[in-house]
Amino acid sequence: MSLAEVREFIELLAKENPNAQSELIYTTPYTLLVAVVLSAQATDASVNKATEKLFEIASTPQAMVALGEDGVAQYINSIGLWRAKSRNVVALSAQLIELYKGEVPGKREALEALPGVGRKTANVVLNIAFNQSTMAVDTHIFRLGNRTGLAIGKDVLAVEKALVRRIPKDLLRDSHHWLILHGRYICKARKPECWRCPAPKICHYPDKILTP
DNA sequence: AACTCGGGGCA
DNA sequence: TGCCCAGAGTT
């Protein structure tokens with residue numbers, strides 16, 4: 001996929017998902033960070049439902065620590081991995097208070113040192129909350145990148161670097177939403193619905209299915 | 001590299 | 001009813 005095609009591809013996906021919001025609904029760096037920690041191996045709808053109630057009670061690290069692990073668990077036990085996530089969210093909040101005066105740090109090393117925060121989560125926060133040129137690569141984006149030819153790489157880091165290098169800066173911040181929605185609902189792992197894809201001519205996937 | 005956490009969504 | 005998931009940590 002040429003660089004001109006990369007831009008066209010991204011713009012077509014953007015047009016396809018005009019209402020993409022996803023992480024943007026979380027208005028502070030802290031609620032964004034917690035929401036993304038909770039989102040691991042879970043669906044966005046279940047996380048949004050849980051965080052809506054949770055953030056009513058605790059939208060700051062101080063309130064989260066006061067709520068405690070058992071309190072947090074009450075709000076998030078409808079999503080998977082809730083024990084570990086409750087533990088991580090409270091521990092992470094305590095560290096924010098102790099090390100960063102309750103603020104979310106804008107540096108990768110600091111973010112990834114927090115419990116429950118890995119490279120993908122750090123990249124979402126850096127991109128959305130701190131407007132840095134990063135890309136959060138999950139399973140959907142990894143598959144879509146390699147399949148379509150948008151970003152070829154043998155591991156997540158390689159795909160991330162390719163995306164940051166190739167996606168135009170003005171599109172980088174929002175492209176995460178468009179890519180992940182496209183990967184989730186159209187460019188699916190099994191039975192991709194290529195006939196719904198707005199960019200079959202640009203895609204390099206050799207096994208395209210152009211009719212239902 | 002393999003294993004674990006985990007309730008819910010979906011075929 | 002079984003398989004898989006908007007990852008991260010441990011072994």
Side-chain angles (χ1 to χ4, degrees), chain A residues 13-14 16-17 19-26 29 31-55 69-70 72-96 104-105 108-129 134-148 150-151 153-160 163 172-193 196 209 212:
Chain A
L13 295 191
E16 198 73 359
N17 298 287
N19 298 321
Q21 292 191 327
S22 204
E23 295 89 351
L24 294 175
I25 68 175
Y26 298 105
T31 53
L32 172 67
L33 172 62
V34 172
V36 178
V37 167
L38 296 181
S39 77
Q41 297 296 102
T43 60
D44 58 341
S46 68
V47 173
N48 290 345
K49 189 179 172 190
T51 54
E52 187 178 355
K53 296 288 185 183
L54 174 63
F55 292 152
E69 287 182 26
D70 294 339
V72 173
Q74 286 190 303
Y75 292 95
I76 70 167
N77 61 12
S78 60
I79 64 179
L81 311 178
W82 57 270
R83 267 180 283 262
K85 287 174 180 177
S86 299
R87 202 162 49 239
N88 283 339
V89 165
V90 172
L92 160 168
S93 300
Q95 288 192 22
L96 291 182
V104 174
R108 170 180 305 285
E109 306 74 42
L111 287 168
E112 291 189 11
L114 298 168
V117 180
R119 183 154 189 110
K120 185 261 182 177
T121 301
N123 277 334
V124 173
V125 173
L126 290 171
N127 187 343
I128 304 297
T134 65
M135 269 298 297
V137 178
D138 56 28
T139 54
H140 291 307
I141 296 183
F142 180 78
R143 175 185 68 255
L144 183 155
N146 278 294
R147 177 184 280 173
T148 63
L150 172 67
K154 64 182 186 310
D155 55 31
V156 167
L157 187 58
V159 169
E160 177 190 319
L163 288 170
L172 195 54
R173 178 177 158 84
D174 291 322
S175 50
H176 181 254
H177 314 301
W178 305 325
L179 290 172
I180 202 161
L181 288 173
H182 190 64
R184 177 83 180 88
Y185 296 109
I186 296 180
C187 197
K188 301 186 291 186
R190 293 167 304 285
K191 297 185 179 181
E193 300 184 7
R196 296 174 56 198
I209 305 168

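Here the structure is a predicted model, which is why all the values come from computation and not from measurement. Labels below follow one simple rule: chain letters A, B, ... track the order of the sequence lines, proteins then strands, and each chain is numbered from 1.
Within the nucleic acid shown, A:G80 comes within 4.0 Å of at least one base atom, counting heavy atoms only. If you check every strand for non-hydrogen atoms under 4.0 Å, A:V37 touches nothing. Within the 4.0 angstrom heavy-atom criterion, no nucleotide atom of any strand lies near A:L179.
Across the protein-nucleic acid pair, A:K154 atom NZ and B:dA1 atom C1' stand 15 Å apart, rounded to whole Å. Look at CD on A:E69: it is 17 Å from P on B:dC5, rounded to the nearest Å. Atoms CG (A:N123) and C1' (C:dA8) sit 14 Å apart, rounded to a whole Å. The distance from atom CG of A:D138 to atom C1' of C:dC4 is 14 Å, rounded to the nearest whole Å. Protein atom CD of A:E112 is 12 Å distant from nucleotide atom C1' of C:dG7, rounded to whole Å. Rounded to whole Å, atom P of B:dG7 lies 20 Å from atom CG of A:N48. Atom pair A:D44:CG and C:dC4:P shows a separation of 20 Å (rounding to whole Å applied). In this structure, A:L157 atom CG and C:dG7 atom C1' are separated by 15 Å, rounded to whole Å.
Using a 3.5 Å distance cut-off with no hydrogens or angles, the side chains of A:R83 and A:N77 do not pair a donor with an acceptor.
Where A:P115 and A:T43 each meet DNA chain C at their nearest nucleotide, the meeting point lying more 5' is that of A:T43. Comparing A:A42 and A:N88 against DNA chain C, the residue whose closest nucleotide sits nearer the 5' end is A:A42.
For the pair A:R108/A:N123, a side-chain contact is recorded, criterion being any heavy-atom separation below 4.5 Å from C-beta on.
Between A:S78 and B:dG8 there is no side-chain polar atom (N or O) within less than 4.0 angstrom of OP1 or OP2. An OP1 or OP2 oxygen of C:dG7 is reached within less than 4.0 angstrom by no side-chain nitrogen or oxygen of A:R119. Distances shown here put a side-chain N or O of A:W82 below 4.0 Å from the OP1 or OP2 atom of B:dG7. A sub-4.0 Å separation between OP1 or OP2 of C:dG7 and a side-chain N or O of A:T139 is present.
Comparing the P positions of B:dA2 and C:dC4 gives an interatomic distance of 16 Å, to the nearest angstrom. Nucleotides C:dC3 and B:dC3 have their P atoms positioned 16 Å apart, rounded to a whole Å. Taking atom C1' on both B:dG8 and C:dG9, the two are 23 Å apart, rounded to the nearest angstrom.
Within the model, atoms CG of A:L150 and CD1 of A:I141 stand 9.5 Å from one another, a figure rounded to the nearest 0.5 Å. The CG atom of A:L38 sits 11.0 Å away from atom OG1 of A:T31, with the distance rounded to the nearest 0.5 Å.
The side chain of A:K120 has C:dG7 as its nearest neighbour among B:dG6, C:dC5, C:dG7.
Within the 3.5 Å criterion, the main-chain N or O of A:M135 finds no donor-acceptor partner in the side chain of A:N127.
Of all non-hydrogen atoms in A:V137 and A:V159, the two that sit nearest each other are CG1-CG1, 4.1 Å.
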